[in-house]
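Take a look at the structure set out below.
In this text the structure is predicted, and so the values were computed from the model without any measurement. Here is the naming used below: chain letters follow the sequence lines, and residue numbers restart at 1 for every chain.
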Amino acid sequence: MSIATGQATRPLIGQVAKRPSILSRVIAHRTDYLYVLPAIIVMLVVIAFPIYYTIELSFFRTPPNLQMRDKIWTGIDNYRTVLSSSVFHEVTIQTIIWTAASTFFAFLLGLGAALSLHREFIGRGVMRALLLIPYVISAVAASYVWKWLYHSDFGVIGAISVQLGFTDEPINFLDNRQTVLASLIVVNIWKEFSFAMVMLMAGLQTVPDQLIRAAQVDGANAWNRFWHVTFPHLKGVSMVTVLLLMVANFNSFIIPFVMTGGGPADASHIWITHIYQLAFGRQQWGIASAYAVILFVVMMALGYFYVKALTRGDEARAG
Amino acid sequence: MSNTQGRPARPRSPTRRQITAIAMAAVTTASLMSSTAYGQSVDLSQWSPEYIRSIAGTETYDTAGHCASVVPLDYTGRLTYWWTGPTEASPQIEHEINDAFWAAWAETYPNIETDAQNIDYNQLLDRLRTTLLGNAAPMVIRLQILGGVEFASKGYFQELKPEDIGYETADFWPGAMKSVTWDGTTYGVPTNNETMAMIWNADIFERAGLDPEAPPATWADVVEYSKKIHDELGISGYGLVARQNAGNTPFRFMPQLWAFGGGALDEAEETPSYEQVYLDNDGTKAALQAAYDMYVRDKSVPTSALTNTQNENQAPFIAGQLAMMIAHPSEYAKMVDLAGQATGADKEVADTVVENMRYGLIPEGPERRAVVFGGSNMHFINDEYVEGGFDEQAAKAIACFWNSPEWSTKLAWTGSNPGNLAGFKTEWMKERLDTIKFLDVTTSMLPSGIPFPVIPEATEIMNIIVPDMLQNVLTERMAVDEAAADAAAKVESLLGGGL
């Protein structure tokens with residue numbers, strides 16, 4: 001077995017390094033490429049082809065009486081239709097509210113839980129396990145449970161609020177255009193905050209105890225210790241967590257789809273559920289594809305920042 | 001244009017040859033007509049609860065013997081089949097009959113390897129669409145009555161008529177045959193046909209000061225009764241269903257729309273052209289206004305109507321918290337099941353509800369009494385789209401077996417009616433009528449049945465545009481006129497090839 005060597009191309013100290021060509025680097029690393037080849041093939045089949053096909057479809061119209069192979073070329077009409085549609089504008093605002101609020105509050109709650117669980121106290125293990133439950137529970141099952149908790153006629157939350165005298169009649173969480181999105185965001189935060197908690201708990205392990213103790217000796221109060229010592233160490237992991245939450249929330253489907261199907265009157269549609277409705281409910285595959293390409297571009301932008309955040313440390317070390 | 005080629009012009013009076021030809025044509029036509037008449041299993045012109053009872057149990061059928069003449073019983077092959085069968089919400093007897101069917105099928109055709117998938121009603125169309133794109137569809141599929149035309153128009157289905165599987169076209173409801181016909185060609189066989197009825201709780205009616213044995217006669221009465229029940233007892237009157245993207249909504253709202261003279265297109269007319277949009281006419285607006293009055297003005301229907309399907313109405317009904325709803329005949333069996341599962345004080349309430357359950361005709365409106373002519377159809381998918389290729393003999397065998405008078409009746413036991421009209425003459429139909437309460441009421445709604453428009457755009461119109469229109473009104477996002485105009489514009493655009 002040969003060992004592909006980075007050593008051979010590494011310049012000696014004091015020498016001017018001549019950068020090898022791409023081909024020679026590929027040849028030098030041929031074994032590495034062989035190892036990743038199966039994964040690349042799978043990715044091409046299951047990721048690259050659907051992306052290509054979606055982009056292609058976005059330039060065609062697909063009337064309900066024609067098969068996909070008989071689709072009609074429309075150029076950029078689908079993009080124009082999507083971007084000029086008032087429903088798209090409404091759904092975009094809802095998507096932004098959904099993503100921003102879910103990400104912000106899930107991160108905030110996760111941070112609070114992580115800081116609490118970072119301390120030693122009796123029952124910490126049990127608490128950690130309990131707080132992880134929302135993350136491991138099936139999203140579909142959770143959505144159905146929450147749907148019944150919220151139910152406008154027989155929901156537990158509504159019944160309790162009436163019994164305690166907070167309201168005269170059950171609160172209308174899901175069948176009201178004004179409250180439905182906020183109600184779904186609460187469910188989403190409940191489902192996601194544990195993820196932020198786990199990530200930040202891992203980040204907290206990297207904060208040196210000596211620094212905290214030194215700050216304590218210097219008379220820093222709890223807030224100052226957190227703000228000036230702990231939080232700077234969490235910056236990297238926080239960035240990654242926020243970006244991952246944002247990507248997950250932009251792509252979130254199960255909770256709004258199961259609980260309301262995007263209703264009432266489109267008030268809880270976000271991009272992904274709207275795309276689903278256009279494609280599978282209305283068979284407007286071309287329009288849905290154009291919509292999906294727009295979402296893809298947004299996702300790519302977020303992905304770019306995610307990779308930047310991940311590699312920032314590596315670049316700093318390499319630089 | 002003339003082709004006389006110099007010959008004298010043809011005399012005005014017919015020649016002997018012409019007279020012979022006309023006579024032959026008349027005899028042939030009469031013969032065809034008479035064979036159709038004789039071939040028809042039942043006389044639809046006499047349809048009534050009494051007639052249905054009079055023909056039930058008058059004939060016996062040998063299912064295996066008949067199907068053997070279509071496909072030999074020792075045929076060896078493979079079958080893939082999708083349908084929507086019993087769900088958790090179905091009464092227990094539906095599960096038992098389903099099991100009995102598959103056992104009988106395996107016994108009759110032991111050498112046909114069968115992969116049958118029971119797929120949820122709201123997912124079946126999407127799954128078929130997706131698998132067709134990947135040429136991974138099943139050989140045979142049973143789809144809701146509304147679903148088939150989209151696929152037939154796209155060329156996914158094979159031509160298939162009752163004669164191909166040993167039955168006659170005249171053995172099926174004309175309306176049902178219309179639903180499997182696209183562009184003059186028949187693409188399926190109706191498996192079952194159903195119409196719903198109005199169910200009410202006589203005890204609630206009495207406590208609210210209404211006549212416990214009289215259902216609302218008109219849709220205006222429904223609005224009035226619903227308000228009275230809510231005001232008197234603080235519970236929901238009518239079980240409105242208005243969820244988006246769900247088949248339940250048009251099945252319950254369209255009868256109201258048609259009764260007022262509205263429609264999606266002109267499907268309620270004698271000879272529909274499916275080209276005129278009725279969504280913004282006065283009838284549609286009146287129906288929307290009635291729904292608005294119940295939901296927004298009177299608050300006499302469940303608040304959760306916007307996220308509910310009919311399944312979510314079952315719990316409040318058995319708990320005595322809902323007085324009226326539109327449902328299948330199977331609802332009674334379901335309520336009996338639910339009452340059987342209840343314990344303690346709940347059991348007492350549930351038993352009272354079952355005891356006080358009544359079925360009546362769906363109310364009429366200023367224009368007509370109407371109900372959705374529902375049901376399902378069986379289709380064969382073209383070979384090129386079928387995973388592993390199409391096995392014609394296996395497909396014909398299941399179609400013959402499923403649509404036999406015996407199984408057509410048994411598989412529609414609590415929720416529907418046999419697609420094969422000969423099923424109405426079987427001993428099993430008699431047993432159904434004797435054991436299932438109110439079956440004659442729902443069955444007698446069949447002549448008031450109106451099929452959804454038989455056009456490829458029907459699913460989008462019924463499952464998306466109509467529920468959206470209703471939600472726009474109920475959430476007060478739009479006024480009645482605006483919502484009707486918005487929906488009509490969407491349908492016109494869709495039919496015109498736009499979005």
Side-chain angles (χ1 to χ4, degrees), chain A residues 53 57 61-70 72 74 77-78 81-82 85-87 90 147-148 150-155 158 169-178 180 183 257-269 273 276-288, chain B residues 122-123 125-127 129-130 132-133 149-156 182-183 235-236 242-246 295 299 301-309 312 315-316 319 321-322 385 455-460 463-465 467-478 483 494 497-499:
Chain A
Y53 191 56
L57 257 186
R61 198 160 63 80
T62 55
N65 60 338
L66 290 184
Q67 280 195 26
M68 207 63 96
R69 62 187 175 202
D70 303 322
I72 301 160
T74 57
D77 270 6
N78 289 335
T81 305
V82 170
S85 149
S86 60
V87 179
E90 193 182 328
K147 192 177 167 185
W148 278 103
Y150 274 150
H151 196 278
S152 309
D153 295 301
F154 308 105
E169 52 188 34
I171 304 163
N172 186 351
F173 289 106
L174 298 181
D175 297 86
N176 181 327
R177 278 180 55 79
Q178 276 69 48
V180 65
S183 304
F257 184 75
V258 171
M259 291 183 69
T260 62
D266 299 330
S268 62
H269 262 314
T273 55
Y276 179 86
Q277 190 203 46
L278 284 167
F280 293 95
R282 303 181 56 187
Q283 289 90 62
Q284 303 284 2
W285 305 98
I287 293 278
Chain B
N122 285 318
Q123 291 175 13
L125 288 176
D126 283 351
R127 277 186 70 171
R129 287 176 188 128
T130 313
L132 283 168
L133 293 177
V149 65
E150 172 195 334
F151 302 99
S153 71
K154 287 179 175 174
Y156 286 125
W182 167 251
D183 214 12
I235 61 174
S236 296
R243 186 182 164 95
Q244 270 181 321
N245 311 331
Y295 190 81
K299 295 183 173 33
V301 296
T303 312
S304 53
L306 302 181
T307 41
N308 275 356
T309 61
E312 280 91 37
Q321 296 295 310
L322 176 64
Y385 307 109
I455 52 172
E457 295 85 358
T459 42
E460 177 169 354
N463 291 349
I464 308 283
I465 296 177
D468 276 2
M469 174 179 71
L470 190 54
Q471 288 221 339
N472 283 334
V473 169
L474 300 184
T475 57
E476 297 189 280
R477 184 192 197 189
M478 294 180 191
L494 186 67
L499 290 173

Segment of [X] engaging chain B (4.5 angstrom heavy-atom cut-off):
X       : value
Y276(A) : side chain
Q283(A) : side chain
F280(A) : both

Problem set entry | When V473(B), V149(B), D126(B) are compared by non-hydrogen pairs under 4.5 Å with chain A, the top option | D126(B)
Would you check if [X] and [Y] make a side-chain contact, meaning some heavy-atom pair closer than 4.5 Å?
X       : Y       : result
L133(B) : R69(A)  : no
Q67(A)  : F151(B) : no
D175(A) : Y295(B) : yes

Exercise. What heavy-atom pair brings S304(B) and S152(A) nearest, and what distance separates the two atoms?
Worked result: N-CB, 4.0 Å
Exercise. What's the shortest heavy-atom distance between H151(A) and N308(B), and which atoms?
Worked result: NE2-OD1, 3.9 Å
For this session: Could you go through the side-chain contact (heavy atoms from CB on, under 4.5 Å) check for K154(B) and M68(A) one step at a time?
Result: CA-CA 9 Å; K154(B) 287 179 175 174; M68(A) 207 63 96; over 6 Å; no
Exercise. How long is the gap from CG on D468(B) to CD on Q277(A), to the nearest 0.5 Å?
Worked result: 6.0 Å
Problem set entry | Residue Y156(B) versus chain A: region with a heavy atom under 4.5 Å | both
Problem set entry | Heavy-atom contact with chain A under 4.5 Å, split by part of A242(B) | neither
For this session: Show your working on side-chain contact (heavy atoms from CB on, under 4.5 Å) between E312(B) and D153(A) and close with a plain yes or no.
Result: CA-CA 11 Å; E312(B) 280 91 37; D153(A) 295 301; over 6 Å; no
For this session: Flag the pair D266(A) and R477(B) as a salt bridge only when some basic side-chain nitrogen lies within less than 4.0 angstrom of an acidic carboxylate oxygen.
Result: yes
Problem set entry | Basic-acidic side-chain contact under 4.0 Å: R282(A), E457(B) | no
For this session: For R177(A) and L306(B), run side-chain contact (heavy atoms from CB on, under 4.5 Å): C-alpha distance rounded to whole Å, both residues' side-chain angles, the deciding distance at 0.1 Å, then the answer.
Result: CA-CA 10 Å; R177(A) 278 180 55 79; L306(B) 302 181; over 6 Å; no
For this session: Could you walk me through whether Y150(A) and T307(B) pass side-chain contact (heavy atoms from CB on, under 4.5 Å), step by step?
Result: CA-CA 11 Å; Y150(A) 274 150; T307(B) 41; over 6 Å; no
